[in-house]
Amino acid sequence: MKINNKTGFFFSVISYFIVTFLDLYFTYIATPNLELEGNPLYNVLFFGWQGLITINVVTFLFYCLVAYYGFIGYKRPVTNETDLKKYLSYISFGDADKYVSMMWKIPKYWGPQIACLCWSVAVILPFARLFIVAMWFFMILDIDAKIFFTIVGAIPMGRIDFLVAIPGAWILSFVWIAKEFKLNLKDIEKRQKEGKLSD
């Protein structure tokens, strides 16, 4: 399990580094003076290349922290719950019988919620930012992608990566829950075989 988590972490970090580099590189090729750049850091705050690169370095380091907690830093609580609702209730409230529909109640333990968010964001961001890279790629090669650019044009500041990342992270949160619950069941099975299962 640790190997898979570490592999996922390194794969995510490397992927995000590559798309970040390609985003900046293609931006420079397409618009070296940044007049086509839709990033609010340039349009609103008037950041130049130095500012954009600095912000990308800072956000990459922050991404690394997010990915680390989502893949490696989070430690799953030990529980014998084999029912999904009871499992969610236990890791959120410390009590298997306090399940709340749609989990709207403020949890007692924030670790699982933070881990879910971190993992989901870490997984979706490289994919989402790839759409920005594709946009610059189409522009550089003058590829006729009318539908793509129509969608981009309809999004505030052309941030198609946000349009992909937000719903994508929400969907992936359910994947995280299913993954963690499955790992919990495997852990229960392992402890049963070792005779270490507590009541």
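Note that the structure is a prediction, hence the values are computed from the model and not measured.
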According to the side chain to side chain donor-acceptor pair (under 3.5 Å) rule, which pairs have a member within residues 141-156, sequence neighbours left out?
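Sorted pair list comes back empty.
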Flag yes if more than 12 heavy atoms outside [X] fall under 6.0 Å of its [atom1] atom; otherwise flag no.
X: F60; atom1: CZ; answer: yes
X: K186; atom1: NZ; answer: no
X: L61; atom1: CG; answer: yes

Please list, chain by chain and in numerical order, all residues satisfying ring-ring contact (aromatic ring centres under 6.0 Å, His included) with [X], sequence neighbours excluded.
X: Y109; value: none
X: W110; value: none
X: F127; value: F131
X: Y68; value: F9

Pairs involving residues 56-65, ordered by first then second residue, that meet salt bridge (charged side-chain N to carboxylate O under 4.0 Å, His left out) (sequence neighbours left out):
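Qualifying pairs, neighbours excluded: none.
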Pairs flagged by salt bridge (charged side-chain N to carboxylate O under 4.0 Å, His left out) wherever residues 57-68 is involved - sequence neighbours left out
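Sorted pair list comes back empty.
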Judged by modelled atom types alone, do N5 and T7 share a side-chain donor-acceptor pair under 3.5 Å?
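Not at all, the side chains of N5 and T7 share no donor-acceptor pair under 3.5 Å.
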Applying side chain to side chain donor-acceptor pair (under 3.5 Å), can you list everything that pairs with [X], at least two apart in sequence or on another chain?
X: D187; answer: R191
X: Y16; answer: R129
X: D161; answer: R159

Is there a side-chain contact between W49 and L24, using heavy atoms and a 4.5 Å cut-off?
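Answer yes - side chains close enough.
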Look at the side chain of [X] and the backbone N and O of [Y], then say whether any donor-acceptor pair between them is shorter than 3.5 Å.
X: S89; Y: K85; result: no
X: N56; Y: T20; result: no
X: W176; Y: P112; result: no
X: S12; Y: G8; result: yes

Side-chain donor-acceptor pairs under 3.5 Å in residues 115-123, sequence neighbours left out?
residue	atom	partner	partner atom	Å
S120	OG	C116	O	2.8
S120	OG	S173	N	3.3

Indicate the ring-plane relationship of F174 and W170, choosing parallel, tilted or perpendicular according to the 30° and 60° boundaries.
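Aromatic pair F174/W170 classed perpendicular.
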On a heavy-atom basis, which atom in A30 and which in I140 lie closest, and how many Å separate them?
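Minimum heavy-atom separation between A30 and I140: CB-CG1, 3.8 Å.
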Exercise: identify the closest heavy-atom pair between W136 and D23
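Smallest interatomic distance, heavy atoms only, reads NE1-OD1, 3.4 Å.
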With sequence neighbours left out, what residues match A145 under side-chain contact (heavy atoms from CB on, under 4.5 Å)?
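Per chain and number, A145 pairs via side-chain contact (heavy atoms from CB on, under 4.5 Å) with F138, F148, F149.
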